[in-house]
> 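Attaching a single structure in structure tokens format; questions to follow.
No experiment lies behind these values; they were computed from the predicted model shown.
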Amino acid sequence: MSLATRLFTRPLDVTTRTEDVSGVEPELVDGATVRVLGALWESSSRDEQADGSVVRSEASAMLPAGTVVDTDASIVDVTTGQAWQVDGQPNHVWNARTASVSHIEVKLRRGV
């Protein structure tokens, strides 16, 4: 049984961003959205406090090899509706036994 069969059970929408240069200032706009089965788990969270401190959550995701994801992408957990932003470069995990990329690991953030 492969890693994908055992762990990739959560439907995730991965949306890439493209740069729109039609206006005065270039801006990032939503590009293509692809639904994949992956794994996502929250690694830390900081709730909003009475003094107004900022809410910040961090998570990690594992996506199937070949999924197009970059530093400007967003990932939505279809099950819960939570939206996440990619935080840093995705890690394409190399499997020496199969001589190919086995999956992609991505750090995610939500909030400020």
> Can you get from Val36 to Val68 by hopping between Ile, Leu, Val, Met, Phe, Trp and Tyr side chains that sit under 4.5 Å apart?
no

> So how far is it from Leu37 CG to Met62 CE, rounded to the nearest 0.5 Å?
13.0 Å

> If we only count heavy atoms from C-beta on, is the Arg10 to Trp41 side-chain gap below 4.5 Å?
no

> Counting only pairs under 3.5 Å, give me each side-chain donor-acceptor contact of residues 90-97, with atom names and distances, residues two or more places apart or in other chains.
residue, atom, partner, partner atom, Å
Asn95, OD1, Arg97, N, 2.8
Asn95, OD1, Thr98, N, 3.3

> Closest heavy-atom contact between Glu58 and Trp84?
C-CZ3, 4.0 Å

> Considering all heavy atoms of both residues, which atom of Thr79 and which atom of Pro11 are nearest to each other, and what is their separation?
OG1-CD, 3.8 Å

> Looking at Arg109, Lys107, Arg110, which hits salt bridge (charged side-chain N to carboxylate O under 4.0 Å, His left out) with Asp87?
Arg109

> Considering only heavy atoms from C-beta outward, does the side chain of Thr15 approach that of Val76 to under 4.5 Å?
no

> Can you get from Ile75 to Val78 by hopping between Ile, Leu, Val, Met, Phe, Trp and Tyr side chains that sit under 4.5 Å apart?
no

> Please round to the nearest 0.5 Å and tell me the distance separating atom CG of Leu40 and atom OG1 of Thr9.
10.5 Å

> How many angstroms lie between OG1 in Thr67 and CD1 in Ile104, if you round to the nearest 0.5 Å?
5.0 Å

> Minimum heavy-atom separation for Ala73 to Gln85, with atom names?
O-OE1, 3.5 Å

